[in-house]
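In what follows, a structure is listed as structure tokens, so that the remarks can point back to it.
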Amino acid sequence: MNPMKMRDMVEKYVEAYNSFDINGMIALLHEEIEFRNSSSGSVDVETKGIEEFREIAERSKSLFSHRCQTIVGSSFEDGKVQIEIDYEGILAKDLPNGMKAGEKIHMKGKSVFAFKNGRIAVIEDYS
């Protein structure tokens, strides 16, 4: 898969994510999708397969009234796309860590996407 097609697919995924379009996200994924989210150096969420991914995406969707990933940079290496992102979200409900509904979250991070058979097969998020 050429880098431009990979970048286009990643942009469509981010657009669907920002729009809370779970079906749009899923449409881009390989059936054996592997997803990992790491914060402060440790993996805090990991899924394998479309159904596990859908479950975590639906749960995540309910936490925010607004969310936006903005791609601020990208690179290609070994058949993967890495994007640098600015993330902003507004909580829809109170969280166990003390954050309250209506609070704004802002952070920087990166995501790495790998591909298989013309679909996204691995997503690794780091913040």
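In this chain, numbering begins with 1 at the start of the sequence shown. Heavy atoms only: backbone and side chains are in, while hydrogens, waters and symmetry mates are out.
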Pairing of Glu32 and Lys116 as salt bridge, 4.0 angstrom limit: yes

Residues Arg36 and Glu124 bridged, charged N to O under 4.0 Å: yes

Identified side chain to side chain contact (heavy atoms under 4.5 Å, CB included) counterpart of Val81 within the set Met6, Met9, Met1, Glu11: Met6

Check against side chain to side chain contact (heavy atoms under 4.5 Å, CB included), Gln82 and Ser111: CA-CA 6 Å; Gln82 177 176 299; Ser111 295; over 6 Å; no

Atom CG of Asn97 with >12 non-hydrogen neighbours under 6.0 angstrom: yes

Which atom pairs, one a donor and one an acceptor, fall under 3.5 Å between side chains of residues 47-55 and the rest of the protein, sequence neighbours left out?
| unit_1 | atom_1 | unit_2 | atom_2 | d |
| --- | --- | --- | --- | --- |
| Glu52 | OE1 | Lys48 | N | 2.9 |
| Arg54 | NH1 | Asn23 | OD1 | 3.0 |

Asp94 side chain vs Ala101 backbone, donor-acceptor pair below 3.5 Å: yes

Heavy-atom donor-acceptor pair, Ser19 side chain to Ala16 backbone, under 3.5 Å: no

What is the minimum heavy-atom distance between [X] and [Y], and which atoms define it?
{"X": "Ile71", "Y": "Arg7", "answer": "CG2-NH2, 3.8 Å"}
{"X": "Ile90", "Y": "Gly102", "answer": "CG2-O, 3.7 Å"}
{"X": "Met99", "Y": "Ile105", "answer": "CE-CG1, 3.6 Å"}
{"X": "Lys80", "Y": "Ala114", "answer": "CG-CB, 4.0 Å"}
{"X": "Met107", "Y": "Ser127", "answer": "SD-CB, 3.6 Å"}
{"X": "Arg67", "Y": "Ser60", "answer": "NH1-OG, 3.5 Å"}

Cluster link Ile56 to Ile22, ILVMFWY, side chain under 4.5 Å: yes

I want to check something: taking the side chain as every heavy atom from C-beta on, are [X] and [Y] in contact at a cut-off of under 4.5 Å?
{"X": "Lys12", "Y": "Leu28", "result": "yes"}
{"X": "Leu29", "Y": "Arg119", "result": "no"}
{"X": "Gln69", "Y": "Asn18", "result": "yes"}
{"X": "Leu63", "Y": "Leu95", "result": "yes"}
{"X": "Val112", "Y": "Ile83", "result": "no"}
{"X": "Glu88", "Y": "Lys104", "result": "yes"}
{"X": "Val122", "Y": "Ile33", "result": "no"}

Residues Thr70 and Asp86: side-chain donor-acceptor under 3.5 angstrom: no

Asp125 side, atom CG; Ile85 side, atom CD1 - distance, nearest 0.5 Å: 6.5 Å

Interatomic spacing from CD1 in Ile120 to CE in Met25 - rounded to 0.5 Å: 9.0 Å

Where at least one partner belongs to residues 72-126, residue pairs that pass ring-ring contact (aromatic ring centres under 6.0 Å, His included), sequence neighbours excluded: Tyr13-Phe113

